[in-house]
Asker: 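Starting off with a structure, shown below.
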Amino acid sequence: MKSRIWLPFGHRAFAVTVLLALLLGGCAVAPRESRSPLVGQDDELGACARLYRQVDTAVARAGVRDAGSFRVAGFPWLRVDRFLASFRDEPMSEPAFQQWVAHMRALDRQARAAELGRLPDIQSLPGGNAAALQARLARCAQTLRAARLGDEAGRAALRAAAVAQDEYSQLGRAFGGYPLSRYLVLYGVSSWQARERQAVQLQSPERDWGAVYAPPPASAPRQPVITARDALGVPRLSAEQLQEWLHWYAPVFVVEQASAADRPGAPRWGDRGPEVDASRPRVYTRLSFTRWQGEVLPQLNYGIWFDARPAKGPLDLLAGRLDGLNVRITLTSRGEVLLVDSIHHCGCYHRHFPAPALVARADPAYAEPPLVHPNLDWAPAGRRLVLGLKAGTHYIRRAGTVARDDLRGQVYDFADYDSLRQLPLKDGGRSLFDEYGLVPGTERAERWFFWPTGVPEPGAMRQWGRHVTGFVGRRHFDDPDLLERIFEARGDVADGQ
């Protein structure tokens, strides 16, 4: 008798399920259209609007749109992120409003530099090269800014449009039965968190625990406190000061060694797709900001990349190309550590290690409870963070602090995270990330099971600003109010004193 595979929902239902998983599991949030309403006018304003439209069309056709920030509908010369979007509904003085616009303008310049650097047929556009075209766009931005933001109607339109897109797919949740499936997901998340709380030891790994990757020796910052802020309240850090801070607070990584996939390095494009060159350990840094008790605080980010998460067996749903962590250190205005939290580059496994100044809220304002570990002790001041990573999975297994010279090893290089937006190729440049903020080729099999949560491509590596950190409800790594939603000051300690 011919054997037959039993399908619990029937052949037709199973086929529909598979089709939906294919269509919705990889459905990332589409880039927003930012076409200016001035397109079509036969004057200088219309010419500038047409130039932006022409460039945006060429970028879209070439598939080189940058997903590191969000386009602002009707304002093609501006882009926004979640931090800046958090100011849109707040009253702002005239200097604060102008500074808000200036920050969004800086995001657009940064994103366009990456896009134009990857555009294959830039010679066909006005100017004929990236530098000339950027200059023309900058002049047009000034023209459009004066025309569009000269009255209250234009300013109101900008406030309404300065929205950071949600990363979750409502369509995926609708077809995936999210109102019911979320309870099963919550149970799985709760079980995993319980295991992780027991697995992580709050102590520094010894030298024989694994390979030690340490930052270069650094002197204490000459200016360890924030003394200047712009009109929006954002700390002003000079390039020199930022580098001093990044070097001073940089963590030590101690990584168990089981294969070549446990050696950190630099992502690049190879013949087989994305890979990591581990010939020289490297850590990618960037500055971000959060809001805490009416103040904007700086966050230092350190990204470490590995070539893969190796499969433990043929049914390992979490294995795939590239892996790694982003470790984020939130500082008070006095330069004291307030919080260390981390994610893998997929946005998965979000962990929080608060300093003693913080205590986790009994009722965090997220549907999926965050994973909060006990306090890290930073006394005496000036100690360095040390993280011990497990071989293969690269999970954090130990976390602690040590005296600065107690644990030395291979010295890693620093690189700007934004350099990943244009990796060198023989015939130009290519971003590590696609126009949806995903790293092509890093898909995980877990997407077949988690697509009903509405998370696009669960497990795939992502660009900064596109990290979903919760399967239930909505939570992003760069939520500007994440700190206040999860923690409160311990006692009368409000600023980490």
Asker: Check this for me: Glu90, atom CD, are more than 12 non-hydrogen atoms of other residues, nucleotides or ligands nearer than 6.0 Å?
Answerer: yes

Asker: When you measure from the side chain of Thr401 to the backbone N and O of Asp377, does any donor-acceptor pair fall under 3.5 Å?
Answerer: yes

Asker: Examine His476 together with Tyr168 and report whether their ring centres are nearer than 6.0 Å.
Answerer: yes

Asker: Determine the sole option in Val386, Val254, Leu385 for which the side-chain contact (heavy atoms from CB on, under 4.5 Å) test with Ser204 is passed.
Answerer: Val386

Asker: How long is the span from the CZ atom in Arg447 to the OG1 atom in Thr453, to the nearest 0.5 Å?
Answerer: 13.5 Å

Asker: Mind listing the closest non-hydrogen atom pair of Ala367 and Gly473 along with its distance?
Answerer: CB-CA, 3.8 Å

Asker: Scan for side-chain hydrogen bond (donor to acceptor under 3.5 Å, both in side chains) pairs involving residues 318-328, sequence neighbours excluded, and state none if there are none.
Answerer: Asn301-Asn326, Asp323-His344, Asp323-His394, Arg328-Asp341

Asker: Kindly indicate, with the supporting measurements, whether the criterion side chain to side chain donor-acceptor pair (under 3.5 Å) is fulfilled by Arg145 and Gln98.
Answerer: CA-CA 10 Å; Arg145 176 174 179 164; Gln98 295 300 333; 2.6 Å; yes

Asker: Are any of the side-chain nitrogens in Arg351 or Glu196 under 4.0 Å away from the carboxylate oxygens of its partner?
Answerer: yes

Asker: Working to the nearest 0.5 angstrom, can you tell me the gap between Leu300 CG and Ser288 OG?
Answerer: 8.0 Å

Asker: For the side chain of Arg82 and the backbone of Gly465, is there at least one donor-acceptor N/O pair under 3.5 Å apart?
Answerer: yes

Asker: So, does Arg485 use its side chain to make a donor-acceptor pair with the main chain of Ala365 at under 3.5 Å?
Answerer: yes

Asker: Would Leu232 and His103 satisfy side chain to side chain contact (heavy atoms under 4.5 Å, CB included), going step by step from the backbone distance to the final call?
Answerer: CA-CA 10 Å; Leu232 200 61; His103 282 302; 4.0 Å; yes

Asker: What do the steps show when you test Ser333 against Arg229 for side chain to side chain donor-acceptor pair (under 3.5 Å), and what is the final call?
Answerer: CA-CA 10 Å; Ser333 294; Arg229 295 177 179 273; 2.8 Å; yes

Asker: Any side-chain to backbone donor/acceptor pair from Gln203 onto Gly400? Under 3.5 Å, distance only.
Answerer: no

Asker: Looking at Ser279, is its backbone amide N or carbonyl O close enough to the side chain of Asp277 to form a donor-acceptor pair, meaning the two atoms are under 3.5 Å apart?
Answerer: yes

Asker: Does the side chain of Leu325 reach to within under 4.5 Å of the side chain of Leu389, using non-hydrogen atoms?
Answerer: yes

Asker: Would you say that Leu78 contacts Val101 through its side chain, given a criterion of any heavy-atom pair below 4.5 Å between the two side chains?
Answerer: yes

Asker: So Trp464 and Phe477, would you call those rings parallel, tilted or perpendicular, with 30° and 60° as cut-offs?
Answerer: perpendicular

Asker: So that I know where these two stand, are Tyr349 and Tyr395 an aromatic pair - ring centroids less than 6.0 Å apart?
Answerer: yes

Asker: Hey, is the main chain of Ala460 close enough, under 3.5 Å, to the side chain of Arg444 for a donor-acceptor pair?
Answerer: no

Asker: The test is ring-ring contact (aromatic ring centres under 6.0 Å, His included); show your working for Phe487 and Trp292 and say whether it passes.
Answerer: CA-CA 10 Å; Phe487 297 99; Trp292 169 251; 7.9 Å; no

Asker: Would you check, one step at a time, whether the test side chain to side chain donor-acceptor pair (under 3.5 Å) holds for Tyr52 with Asp108?
Answerer: CA-CA 12 Å; Tyr52 270 99; Asp108 183 70; 4.5 Å; no

Asker: With a 4.0 Å cut-off, would you call Asp89 and Arg159 a salt bridge?
Answerer: no

Asker: For Phe97, is the NZ or CZ atom of Arg155 found under 6.0 angstrom from the centre of its six-membered ring and inside 45 degrees of the ring axis?
Answerer: yes

Asker: Under 3.5 Å, is there a donor on one side chain and an acceptor on the other for Arg197 and His373?
Answerer: no

Asker: Which value, rounded to the nearest 0.5 Å, describes the distance between Arg398 atom CZ and Gln201 atom CD?
Answerer: 4.5 Å

Asker: Give the intermediate values and the outcome of side chain to side chain contact (heavy atoms under 4.5 Å, CB included) for residues Arg195 and Trp192.
Answerer: CA-CA 5 Å; Arg195 294 193 302 270; Trp192 179 81; 3.7 Å; yes

Asker: Please examine the side chains of Met92 and Gln99, heavy atoms only from C-beta on, and report whether any two atoms are closer than 4.5 Å.
Answerer: no

Asker: Looking at Asp56 and Arg71, is any side-chain nitrogen of the basic one under 4.0 Å from a carboxylate oxygen of the acidic one?
Answerer: yes

Asker: Distance check, rounded to the nearest 0.5 Å: Leu358 atom CG versus Ile486 atom CD1?
Answerer: 10.5 Å

Asker: With a cut-off of under 6.0 Å to the ring centre and 45° to the axis, is Arg466 in cation-pi contact with Tyr436?
Answerer: no

Asker: Does the ring center of Phe289 lie less than 6.0 Å from the ring center of Phe83?
Answerer: yes

Asker: Counting C-beta onward and ignoring hydrogens, is there a side-chain heavy-atom pair between Trp305 and Arg268 closer than 4.5 Å?
Answerer: no

Asker: Any chance you could measure Leu482, atom CG, to Gln299, atom CD, to the nearest 0.5 Å?
Answerer: 8.5 Å

Asker: Please answer whether the main-chain N or O of Pro480 pairs with a side-chain N or O of Thr290 as donor and acceptor at a distance below 3.5 Å.
Answerer: yes

Asker: Can you check side chain to side chain contact (heavy atoms under 4.5 Å, CB included) on Met104 and Leu158, steps first, answer last?
Answerer: CA-CA 11 Å; Met104 287 190 281; Leu158 175 58; 4.0 Å; yes

Asker: Does Arg88 reach the main-chain N or O of Ala162 with its side chain, forming a donor-acceptor pair under 3.5 Å?
Answerer: yes

Asker: Do Leu84 and Trp100 have side-chain heavy atoms sitting under 4.5 Å apart?
Answerer: yes

Asker: Checking side chain to side chain contact (heavy atoms under 4.5 Å, CB included) for the pair Phe414/Tyr284: CA distance, chi angles, key distance, verdict?
Answerer: CA-CA 6 Å; Phe414 287 100; Tyr284 292 81; over 6 Å; no

Asker: Would Arg430 pass as a cation-pi partner of Trp269, given that its NZ or CZ must be under 6.0 Å from the six-membered ring centre and within 45 degrees of the axis?
Answerer: yes

Asker: For Glu115, is there an ion pair with Arg65 - N to carboxylate O distance below 4.0 angstrom?
Answerer: no

Asker: Output yes when a side-chain donor or acceptor of His350 lies under 3.5 Å from a complementary backbone atom of Ile343, and no otherwise.
Answerer: no

Asker: Looking at Asp230 and Gly233, would you say the former's side chain and the latter's main chain have a donor-acceptor pair under 3.5 Å?
Answerer: yes

Asker: Hey, which of Glu435, Arg118, Gln110 is the one that makes side-chain contact (heavy atoms from CB on, under 4.5 Å) with Asp66?
Answerer: Arg118

Asker: Apply salt bridge (Lys or Arg N to Asp or Glu O under 4.0 Å) to residues Arg286 and Asp416 and explain how you reach the verdict.
Answerer: CA-CA 6 Å; Arg286 72 166 288 140; Asp416 191 329; over 6 Å; no

Asker: Can you find a side-chain donor-acceptor pair between Thr469 and Arg475 that sits under 3.5 Å?
Answerer: yes

Asker: Considering only residues two or more places apart or on different chains, which pairs with a residue in residues 241-256 satisfy side-chain hydrogen bond (donor to acceptor under 3.5 Å, both in side chains)?
Answerer: Arg222-Glu244

Asker: May I ask you to check whether Arg79 and Ser69 show a side-chain donor-acceptor distance below 3.5 Å?
Answerer: no

Asker: Would you check if Val80 and Val163 make a side-chain contact, meaning some heavy-atom pair closer than 4.5 Å?
Answerer: no

Asker: Looking at CG of Leu420 and CE of Met461, how far apart are the two atoms once the value is rounded to the nearest 0.5 Å?
Answerer: 13.0 Å

Asker: Is Arg282 close enough and on-axis enough to Tyr213, meaning under 6.0 Å and within 45°, for cation-pi?
Answerer: no

